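In what follows, a single structure is set out as structure tokens and then discussed.
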Amino acid sequence: MSAYAQKETAVTFEMKLSKEKLGINERLRVDFSMNRDGDNFNPPNFEGFRVLMGPSQSISSSWINGVRSYSKTYSYTLAPTGRGNFTIGQATIIIDGKTYKSLPKEVEVTAAVDKPSDQLTVDDVADESLHLVAEVSKTSPYLNEAVSVVYKLYVSPSVSVSNYQPLDNPKYNNFWSQDIPVSRLSAENGTYKGKPYRYVILKRVVLYPQKSGKLEIEPLSLDVTVEVPTNKRDFFGGRVYSQTNKTVSAGNRIINVKPLPQAGKPVNFSGAVGNFDFAVTTSKTVLNASESLQAKVQVSGKGNLKLFQLPEPNLPGSLEVYEPEFEESVRTTLSGSQGKVSNNYTIVPSFKGKYPIPSISFTYFDPNSETYKTLTSDEIVINVKEGPLNSSGVPTTNTTNNTKRSVSPGNQFNFIKLKPNLSAIGSNYFFGSTSFYLWLLLPLVLIPITIIFSKKREAIASDVVGNRVRRANKLARKYLSKAKKELGNKDSFYIALEKGLHNYLKSKLKIETSEFSKDRIATLLTEKNIDTPTKDGFVALLSSCEMARYSPFSRVQMQQDYDKASEVISNLDKQL
């Protein structure tokens, strides 16, 4: 409703003057204000005036009763070049694809006045001396190609900054983002619009666009405390500084994301974008049956390493293969993520023979050459030297389904048995038989087993903590059973996971948590004296469920979220 109300608000774009009559030794401030964000601002030529400062840009945004109030202003400080009547012409700007013009205004410049009232103020100097800039590495990347954004605060040498506070941090919708921490703020010399400035890097982030088309990077806004020198001197002759607070914004940036080409796109492409190497290795190739070996499927290089799935090997059916263990060693710099990710498979052969691991293909898109590239591993043969034969009676040498059963030539013909080993038919007597003695000894065996079983049950019943843990694990499986069935299906899995989390709180606290925000749920858990790691883990899982609607998630990430949900529910059940 609030977004609709804002959409229906009429667009305003107007020019405001600090005064309409001034002396030739006074200053004129001109503000061009709008209530919606626009592009391609074009000021008038200010005939009859000299531009002392500007344009300086300021943005203010607030929410009142669910309705957003927005204002953006371009400001100029002018000095008249002569006496007379002058016209400040029209300025233009484009808002939502339409061009808007401000109304021209008349200004009268008279002879010099004794006490000029509009000299440059502290705020005027601060406006011209502070600039927050978002430097984007690429404005037209491919889908899932890394884009770095560096936020720099430029400060004129004539002023100093004593403190700053973020007012509005960007959300990076439709991007997968990774912050690069700024360990220490250090000022460096640079230039801004051809003038010498000092600048400090405040924030660095790497973005991977998850959607093609024009995507908007929201602005970063800061409240900055500025100390501006004045013309006054203190008792010792030192310059007196005046302190003021200014709001600066980096402004919106538009990124035009190109879709990946469909021409030549391989069938096995899983979303990898960058420059990679691919390898399949095993810990050993010669072993005995029932021994284990490790097979590693690894992708290394530079790109969106956390946003695609690794290819899976096609192993022979005679090899027992366990669920892979995912390993990740990735670091993020301004040029993107680099490192390696891998799946480690534990393989145990059951029979003697030779088992080939077929070659595996991995495809990625290289944005530098704008082509798809496919890497293929070599075939690996596992030689099991010692162990039982398979059901055919001979070692396995291939893995095709139509492997024929071989018969040993030595067993084709056998002699007819000359001794049948028959026994006479007679009466069976229970007394003195094997069954008689078994039934006689059975009570003596059951008595100690019953005693041991009873003590075991008493020990389990007295284990309060253990019973609570078992009940909590059973409860977690109950609420997450639907999510476990949907592992691999991203949308259904995260819908089931989110519903399971809400149903758990609903059953424990007797409330409808689906009507609560994450902040309200966090407050509720705090009131219940839930420890911070468990509370943060529960809220983080709800955030993952929301992010899954816009970002790709691998099966490994889903498994990690499922395991985390089981752990969080178990911990909550111990504390509620």
Side-chain angles (χ1 to χ4, degrees), residues 136-149 172-178 180 204-217 253-281 296-314 324 326-343 358-378 488-491 547-558:
V136 179
S137 62
K138 295 179 181 179
T139 57
S140 184
Y142 277 102
L143 186 72
N144 261 316
E145 184 181 2
V147 177
S148 65
V149 183
Y172 305 120
N173 295 328
N174 298 315
F175 291 93
W176 186 91
S177 63
Q178 176 70 55
I180 303 176
R204 299 179 298 183
V205 64
V206 174
L207 307 176
Y208 285 93
Q210 302 298 297
K211 180 181 177 183
S212 58
K214 292 186 177 180
L215 303 184
E216 181 182 12
I217 299 179
R253 297 298 301 269
I254 302 297
I255 305 297
N256 187 19
V257 181
K258 298 180 291 186
L260 299 180
Q262 294 298 319
K265 184 177 181 179
V267 177
N268 65 336
F269 177 68
S270 61
V273 177
N275 193 351
F276 303 103
D277 292 322
F278 177 64
V280 178
T281 58
K296 176 182 288 188
V297 179
Q298 178 175 286
V299 173
S300 60
K302 181 179 177 182
N304 61 336
L305 287 164
K306 299 183 178 182
L307 300 177
F308 61 82
Q309 290 184 338
L310 292 169
E312 297 181 358
N314 184 18
F326 181 75
E327 289 185 357
E328 174 185 298
S329 177
V330 180
R331 63 187 182 92
T332 303
T333 64
L334 285 178
S335 59
S337 298
Q338 50 191 331
K340 58 185 178 181
V341 292
S342 63
N343 275 337
S359 60
I360 310 173
S361 296
F362 170 70
T363 300
Y364 67 93
F365 179 77
D366 186 352
N368 294 326
S369 63
E370 300 183 342
T371 57
Y372 292 95
K373 296 183 179 180
T374 300
L375 304 177
T376 304
S377 65
D378 296 329
N489 187 350
K490 184 195 73 172
D491 294 335
M547 290 175 60
R549 300 169 186 167
Y550 311 102
S551 303
F553 278 67
S554 67
R555 182 182 178 90
V556 174
Q557 290 172 295
M558 296 182 201

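These numbers come from a predicted model, not from an experiment. Computation of the quantities below employed the complete heavy-atom set of this structure, encompassing side-chain atoms and omitting hydrogens, waters and symmetry-equivalent molecules.
Summarising the geometry of L334 relative to I180, their closest heavy-atom pair is N-CD1, 3.6 Å, with the distance given to 0.1 Å. In plain terms, the two heavy atoms of K138 and A146 that are nearest each other are CD-O, 4.1 Å. When every heavy atom of L143 is checked against every heavy atom of L260, the shortest pair comes out as O-CD2, 3.8 Å. Closest heavy-atom contact between V147 and V136: CG1-CG1, 3.6 Å. Looking at every heavy atom in both residues, G271 comes nearest to N144 through O-ND2, 4.0 Å. Taking every heavy atom of both residues into account, I217 and V149 meet most closely at CD1-CG2, 4.0 Å.
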*Run the salt bridge (charged side-chain N to carboxylate O under 4.0 Å, His left out) check on E216 and R253 step by step: do they pass?*
CA-CA 6 Å; E216 181 182 12; R253 297 298 301 269; over 6 Å; no
*Should S148 and R204 be marked as a side chain to side chain contact (heavy atoms under 4.5 Å, CB included) after you check the CA-CA gap, both sets of side-chain angles, and the distance that decides it?*
CA-CA 7 Å; S148 65; R204 299 179 298 183; over 6 Å; no
_Show, in sequence, the C-alpha distance, side-chain angles and deciding distance for F362 and N268, and conclude whether the side chain to side chain contact (heavy atoms under 4.5 Å, CB included) test is met._
CA-CA 7 Å; F362 170 70; N268 65 336; over 6 Å; no
*Would V257 and Y142 count as a side chain to side chain contact (heavy atoms under 4.5 Å, CB included) if you check the C-alpha gap in whole Å, the side-chain angles of each, and the deciding distance to 0.1 Å?*
CA-CA 5 Å; V257 181; Y142 277 102; over 6 Å; no
*asked:* I'd like to know whether E145 forms a side chain to side chain contact (heavy atoms under 4.5 Å, CB included) with F365, so could you lay out the CA-CA distance, the side-chain angles of the two residues, the decisive distance to 0.1 Å, and finally the verdict.
replied: CA-CA 10 Å; E145 184 181 2; F365 179 77; over 6 Å; no
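Remark: side-chain polar atoms of S377 are paired, donor with acceptor, to backbone N or O of I360 under 3.5 angstrom. In this structure, the side chain of T363 does not engage the main chain of F269 through any donor-acceptor pair within 3.5 Å. In this structure a side-chain-to-backbone donor-acceptor pair under 3.5 Å is present from Y372 to P261. With hydrogens and angles disregarded, a donor-acceptor distance shorter than 3.5 Å links the side chain of S270 to the backbone of Q309. A donor-acceptor distance shorter than 3.5 angstrom exists from the side chain of N304 to the backbone of V273, with no hydrogens or angles considered.
Classification of E328 and K306 as a salt-bridged pair holds, one side-chain N sitting under 4.0 Å from a carboxylate O.
Looking at Q178 and Y208, their side chains never bring a donor and an acceptor atom within 3.5 Å of each other. In summary, the side chains of S359 and T376 do not present any donor paired with an acceptor at a separation below 3.5 Å, with no hydrogens or angles considered. Judged by distance alone, the side chains of S140 and N256 never bring a donor and an acceptor atom under 3.5 Å apart. Of the N and O atoms on the side chains of S361 and T374, not one donor lies less than 3.5 Å from an acceptor on the other residue.
Ring centroids of F276 and F308 are separated by less than 6.0 Å, placing the two rings close together.
The line from NZ of K340 to NZ of K296 is 6.0 Å long, rounded to the nearest 0.5 Å.
In this structure, K373 forms no cation-pi arrangement with Y364, as its terminal cationic atom is not both closer than 6.0 Å to the ring centre and no more than 45° off the ring axis.
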